[in-house]
Amino acid sequence: MNWTGLALVLASLGTLGGCATAVPAMSGASTTPKNRTDLGLGGAARVPLGDLRDPVVLDPGESQYRYAADAGGVVPMAYGRYGIAEDWDLGLMVSGTTVRAEARYEKVLQQGTTRSSLVVGLAPYGGWIPDRDQSGSGGRVGFEVPFVYGVEIGGVYEIWIGARGSGEYVFGDFQVAGSEQRASGAGLRAGPVIGMALGVRRIHALIELTAAYEYWFIDHAGASLDRGGFVLIPGFGLRLRL
């Protein structure tokens with residue numbers, strides 16, 4: 001596998017994305033087989049609900065932290081995974097301007113035409129927040145633990161269901177009252193994920209949905225902007241197994 005070429009493709013894709021923290025799991029029902037490579041290309045969206053919804057009209061005196069750092073939207077997504085051993089793989093995903101690395105382990109429960117397993121992973125991530133309509137810019141770092149139960153049927157159909165939990169820290173200089181001032185926020189996110197894939201031999205189409213609750217502890221220029229709510233993260237793409 002040409003890891004340099006893949007990294008360049010993922011990096012270039014990241015420059016096309018917006019500010020949305022739309023990072024899907026795109027788990028599949030199992031890890032990538034030993035010495036095989038999975039390549040995926042598609043997109044993801046972030047749909048904030050309740051108090052997390054993007055403000056429609058921004059008051060000039062209001063903090064633009066949410067508008068810049070936690071906006072909803074659709075971004076391109078690409079990933080690569082490589083099976084380093086039986087039941088283990090390593091991966092790299094770019095979704096918008098966020099990059100996530102991951103290591104996953106699989107516990108096979110049943111072999112045969114119908115195959116089932118448990119997959120757990122550790123996934124640190126980070127990214128940047130480019131300036132959006134002169135609202136400010138910054139960065140984010142975080143760590144995620146995904147866990148799914150997956151079933152494969154005849155190598156054609158896959159379904160997985162589980163949960164994702166993560167912690168994230170966002171920082172930068174964002175507009176408030178006509179000037180850029182320092183802001184930072186720590187957030188926790190947890191919720192269920194469900195997905196399915198359908199295809200033949202080496203290529204599959206994947207769709208996935210995460211429904212999570214987020215709570216953010218935010219400080220912008222000395223003002224507390226703490227808030228929580230639900231967010232939906234749908235993802236879709238094509239996976240090629242080499």
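Computed from a prediction, not measured in an experiment: that's the story for all the values here. Heads up: numbering here begins at 1 and tracks the sequence.
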Exercise for the section: Could you check Arg182 against Phe171 for side chain to side chain contact (heavy atoms under 4.5 Å, CB included), going step by step and ending with a plain yes or no? Expected result: CA-CA 8 Å; Arg182 193 68 176 173; Phe171 55 91; 3.9 Å; yes
Problem - Test log, rule side chain to side chain contact (heavy atoms under 4.5 Å, CB included), inputs Arg104 and Val120 - result: CA-CA 6 Å; Arg104 302 191 304 164; Val120 63; over 6 Å; no
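- The hydrophobic clustering, which links ILVMFWY residues whose side-chain heavy atoms are closer than 4.5 Å, places Val170 and Tyr125 apart.
- A side-chain N or O of Trp160 and one of Glu208 form a donor-acceptor pair less than 3.5 Å apart.
- The closest donor-acceptor contact from the side chain of Asp226 to the backbone of Ile218 lies under 3.5 Å.
- Residues satisfying the side chain to side chain contact (heavy atoms under 4.5 Å, CB included) test with Tyr157, not counting sequence neighbours, are Ile153, Ile159, Met196, Leu198.
- Side chains of Thr32 and Asp38: a donor on one and an acceptor on the other come within 3.5 Å.
- Under a 3.5 Å cut-off, the side chain of Arg36 and the backbone N or O of Leu242 do form a donor-acceptor pair.
- Met26 places a side-chain heavy atom less than 4.5 Å from the side chain of Leu206.
- Contact record, Val74 with Ala45: CG2-CB, 3.9 Å, taken as the closest heavy-atom pair.
- At a threshold of 4.5 Å between non-hydrogen side-chain atoms, the residues Leu118 and Tyr149 count as touching.
- Side-chain N or O atoms of Thr98 include none that pairs as donor or acceptor with a backbone N or O of Gly127 at under 3.5 Å.
- Residues Val156 and Ile207 are members of one and the same hydrophobic cluster, defined by side-chain heavy-atom contacts under 4.5 angstrom among Ile, Leu, Val, Met, Phe, Trp and Tyr.
- Looking only at side-chain heavy atoms (C-beta outward), Trp88 and Lys34 stay at 4.5 Å or farther from each other.
- Note on Val119: it does not cluster hydrophobically with Val108, by side-chain heavy-atom contacts below 4.5 Å among ILVMFWY residues.
- Among all heavy-atom pairs drawn from Ala44 and Phe236, the shortest one is N-CE2, 4.3 Å.
- Proximity of Leu240 to Arg202: side-chain heavy atoms (C-beta onward) are separated by under 4.5 Å at one or more points.
- Of the inter-residue distances, the one linking Phe217 atom CZ with Tyr169 atom OH reads 14.0 Å to the nearest 0.5 angstrom.
- Side-chain contact between Leu122 and Val145 is present, with at least one heavy-atom pair separated by less than 4.5 Å.
- Under the side-chain contact (heavy atoms from CB on, under 4.5 Å) rule, Tyr79 has a single partner from Arg100, Met93, Glu102, which is Met93.
- For the pair Arg46/Val231, a side-chain contact is recorded, criterion being any heavy-atom separation below 4.5 Å from C-beta on.
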Problem - Worked verdict on Glu152 versus Thr114 for side-chain hydrogen bond (donor to acceptor under 3.5 Å, both in side chains) - result: CA-CA 6 Å; Glu152 296 182 47; Thr114 299; over 6 Å; no
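- Hydrophobic clustering places Val151 together with Phe147 (ILVMFWY residues linked when any side-chain heavy atoms are closer than 4.5 Å, directly or through intermediates).
- Under the 4.5 Å side-chain heavy-atom criterion for ILVMFWY residues, no single connected hydrophobic cluster contains both Leu188 and Val141.
- In this pair, Tyr213 and Phe230 present their aromatic rings perpendicular. The plane angle is above 60°, beyond the 30 to 60° band.
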Handout entry: Residues Val94, Val99; criterion side chain to side chain contact (heavy atoms under 4.5 Å, CB included); working and verdict
Key = CA-CA 5 Å; Val94 172; Val99 180; 3.9 Å; yes
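- Exactly one residue among Glu144, Arg189, Glu214 makes a side-chain hydrogen bond (donor to acceptor under 3.5 Å, both in side chains) with Ser166. That residue is Arg189.
- In this structure, Val193 and Val148 have side chains that are in contact, with non-hydrogen atoms separated by less than 4.5 Å.
- Proximity of Gln111 to Ser116: side-chain heavy atoms (C-beta onward) are nowhere separated by under 4.5 Å.
- Here the shortest heavy-atom pairing between Ala29 and Ser117 reads O-OG, 3.1 Å.
- Val75 and Ser95 get closest at one heavy-atom pair: CG2-OG, 3.5 Å.
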Practice task
Would you sort out whether Leu232 and Leu49 count as a side chain to side chain contact (heavy atoms under 4.5 Å, CB included), showing the intermediate values?
Solution key: CA-CA 8 Å; Leu232 302 179; Leu49 304 173; 4.2 Å; yes
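- Atom CE of Met77 sits about 7.0 Å away from atom CG of Leu41, to the nearest 0.5 Å.
- Atom CD in Gln175 sits 10.5 Å away from atom OG in Ser137 (nearest 0.5 Å).
- Counting all heavy atoms, side chain and backbone alike, Glu106 lies closest to Ser30 at OE2-CB, 3.1 Å.
- Of all heavy-atom pairs between Thr31 and Tyr105, the closest is CG2-C, 4.1 Å.
- Between Glu158 and Arg239 there is a salt bridge, since at least one side-chain N of the basic residue sits less than 4.0 Å from a carboxylate O of the acidic one.
- Judged by distance alone, with hydrogens and angles left aside, the side-chain atoms of Thr97 form a donor-acceptor pair with the main-chain N or O of Trp128 at under 3.5 Å.
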